[in-house]
Amino acid sequence: MGNYAKSEPTHYLQVALPTPLRRVFDYLPPKSGIDFLRPGIRLKVPFGPRKLIGILIAITAKTDIPLANLKRVEQVLDEQPIIPKDILELCRWVAHYYHYSLGETLGTATPTALRQGRPVAQQTRKLWRLTYPNAEAPSHIARNAKLQLAAWQLLKQHLKGLHEPMLKSLGVSNQTLSALEKKGEAECIYENLPTLHTMPQSILHEAPLTLNPEQAHVVQQILQTAQQFQVFLLQGITGSGKTEVYLQLIEQTLKAGRQALVLIPEIGLTPQTLHRFEQRFAVPIAVIHSGLNDNERYLAWQKAVDYRVGIIIGTRSAVFTPLAKPGLIIIDEEHDASYKQQDSLRYSARDIAIYRARQANIPIVLGSATPSLESVHNAQTHRYRHLHLSQRAGQAKPPSIELLNIRGETLQAGLSPALQQKITQHLEKGQQVLIFINRRGYAPTLLCHECGWVADCPDCDAHLTIHRQPPHLHCHHCDYQQSIPVRCGHCNTASLFPVGAGTERIEDFLLSQFDPIPIIRIDRDSTRGKTRLQELFSDIHQGKPAILVGTQMLAKGHHFPKVTLVAILDADSGLFSTDFRGLERLGQLVTQVAGRAGRGKLAGEVIIQTHHPESPVLNRLVTEGYEVFAKTLLAEREKLSLPPYSYLGLFRVECKNQEEGERLLLQLRELISQFLQYNNLNGPLGVTLLGPLPAPMEKRQSWYRWQLLISSPSRQPLHTAITFAIHQLEGGTQAMIKLARKVRWSVDIDPQDMM
DNA sequence: AGCACGCCGACT
DNA sequence: GTCGGCGTGCTC
């Protein structure tokens, strides 16, 4: 026994690897031992027939794997943890909460460059200085070498050294510098980029604006708890100056020597917003958005950990940016759907941010004019502090909102006669009009008048959208495209015509109807190209009478001071959504779009076309505003035990073979059901199962989609049930594993929509 | 997810 | 004869 005991290893390394398998893998320590190994370093390990780079999670004294099966770590890539302790801890929680592989979670959270095993780059810059700082004059420079003498004088005035770019801008060329170096007069050194510790601490470029009493109160409330964790729901109507509140909170954070992380929706970071941050702050800012390449992303990450930036502004994925000195987190437009990732790791950046704030014991501000029902509920139950900004800055007045009955009305390109009249009125006063429709293209359907045939996508359960610019049929769900047929695909008669209206058709109609008023269309098609959107916006800002037609894009964050009339053409689609969040979204959309009207000195008017002007919930929104509306919806949700009064988990399955998905979920449902019964987790107050149901669009991109919804009034049993279900899919009966391997399945915790 | 292994169809 | 199709199994 003694002999064998001696050869037993005393330590094992738990490694997270980039594989979808939801577990960590144990390895034997490298020959060099474990002395310098810390969680968060990268290790190269053999994995089956290949080599992978993983992250060391823990060093343990035990393993469940037979010694004979254990392999040895091949290479240690880092001396210092490349993933800071708090981020590692965060990722462990995220992987656990979303039931995802830790290795792949770390992959989502860190820049690709790190995962490839690239060494950590020291961020340095080149500094030139005099070799003999005490010399009164250069000893080796000829008297006629004027440039070199000038350079020497310059360096003499800056004995600490000057950076190469700076020298260039002062007119010193590389040639001059290398001449000085050759003569031993100057030398260049590499220094690490300065951190904010060593930087001269002027924080502001320009003075902050004066806050109105309401803003000042909000800032003061938040600063009072600035030293500890607290979630603030900052509900501020459009134009109430949320951004200025953010800026002043950030200013105080920077003054305290800490960093601020600011999350913004995917298309929320306009050049204007960024400009405003850069104008205000003298402190370096890192911007993290989808347009960055790997290397830029990596540099931004590195600057944040090294405390070389004071502010990090980014979209969803920026929530994983490590901070050297966390001080404040801001989530702007917290209700925005883009905070929820809709594939692979289906995380909510807002929820992860709240976890981070708790972890770092710092305040977090969720800002929105139209907060999500979840957040409103959390505010009502005092888990969040609810703060309000209800005054519009400047002279701007709140717009009037009217529900326009279009029942029985003849619509032209979706516009009722009454709306057309209104448009004329506003244009005649020299003002601008904004028309909102959530449908791009010319028309959503091509219909045969003879037989009723409709042009459908061959790969999706969806109609093809007609586009005119350029003319083609397009599937908005899978990108399938074809030319516009002349004859019906069924009866071959030439009586095809477009039904319904999208942005292009409305644009056409308005052009003919309101000539010569310019029509500016803003949707994904019209804004292709980097500067196109900016060009369109600058046209609008000229302030001449014009009609803007656009999709969602128009609802977000832009100022249009000359717009006095805003129309929503198809509010009804939100009233009858299959998704229980349809009404919430409609309310947010209406409020956000209405916020575009009358932000200048002129009063705004909002027209909502609907077939249901009597709808109590719409009326509540219009007459009493978003917050009362939200409370009405919350009461409704409570009755139906829907979120936030229950928690949801969704099993999604995609399969090529229509019935396989349903079969898998049926079996899974049966197993979960037994499990719940056995553990007394069922019953009306326990975990309930709904499905399998086909997804609202059953076929998409040639994949059939099925789902099984699991719901529970408390989180714990929901997660227990999901953990159990995943065990069945990954390691249950042979038949189950086999079926599960044939399809693509995934889990969505806190799903945002059932699409 | 990868990647190897393995067992059946049309090809130089 | 063999190249390669993707079903099946495994990864510490």
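Protein chains get the first letters and strands the later ones, always in sequence-line order, with residue 1 at the start of each. This one's a predicted model, so the numbers in the text were calculated from it and none came from an experiment.
For the 3.5 Å distance criterion, the side chains of A/His289 and A/Thr315 fail to qualify, holding no donor opposite an acceptor.
Using a 4.0 Å heavy-atom cutoff across all strands shown, A/Leu21 reaches at least one base atom of the nucleic acid. Contact annotation for A/Pro46: backbone-only contact, meaning every heavy-atom pair under 4.0 Å involves sugar-phosphate atoms and none involves a base. The residue A/Leu70 sits close only to the backbone: its heavy atoms come under 4.0 Å of sugar-phosphate atoms, none of a base.
Residues A/Leu56 and A/Leu37 meet the side-chain proximity criterion, which asks for heavy atoms closer than 4.5 Å.
Both tests pass for A/Arg744 against the ring of A/Trp703: distance under 6.0 Å to the centre and angle within 45° of the axis.
Nucleotide B/dG2 holds its P atom 17 Å from the NZ atom of A/Lys51, rounded to whole Å. Rounded to an integer number of Å, the gap from CD of A/Glu74 to P of C/dC12 is 12 Å. Summarising the geometry, the separation between CG on A/Leu43 and P on C/dC12 is reported as 14 Å, rounded to the nearest angstrom. Between A/Arg741 atom CZ and C/dT11 atom C1' there is a gap of 13 Å when expressed in whole angstrom units. Counting to the nearest Å, the C1' atom of C/dC6 and the NZ atom of A/Lys742 are 12 Å from each other. Per the geometry, CD belonging to A/Glu730 stands 13 Å off C1' belonging to C/dC10, to the nearest Å. Protein atom CD1 of A/Ile737 is 15 Å distant from nucleotide atom C1' of C/dG7, rounded to whole Å. Distance, A/Phe47 CZ to C/dT11 P: 9 Å, rounded to whole Å.
At a threshold of 4.0 Å, the pair A/Lys699-A/Asp461 does not count as salt-bridged, since none of the basic side-chain nitrogens sits closer than that to a carboxylate oxygen.
Relative to the side chain of A/Pro49, the nucleotides C/dC12, B/dG2, B/dA4 differ in distance, and B/dA4 lies closest.
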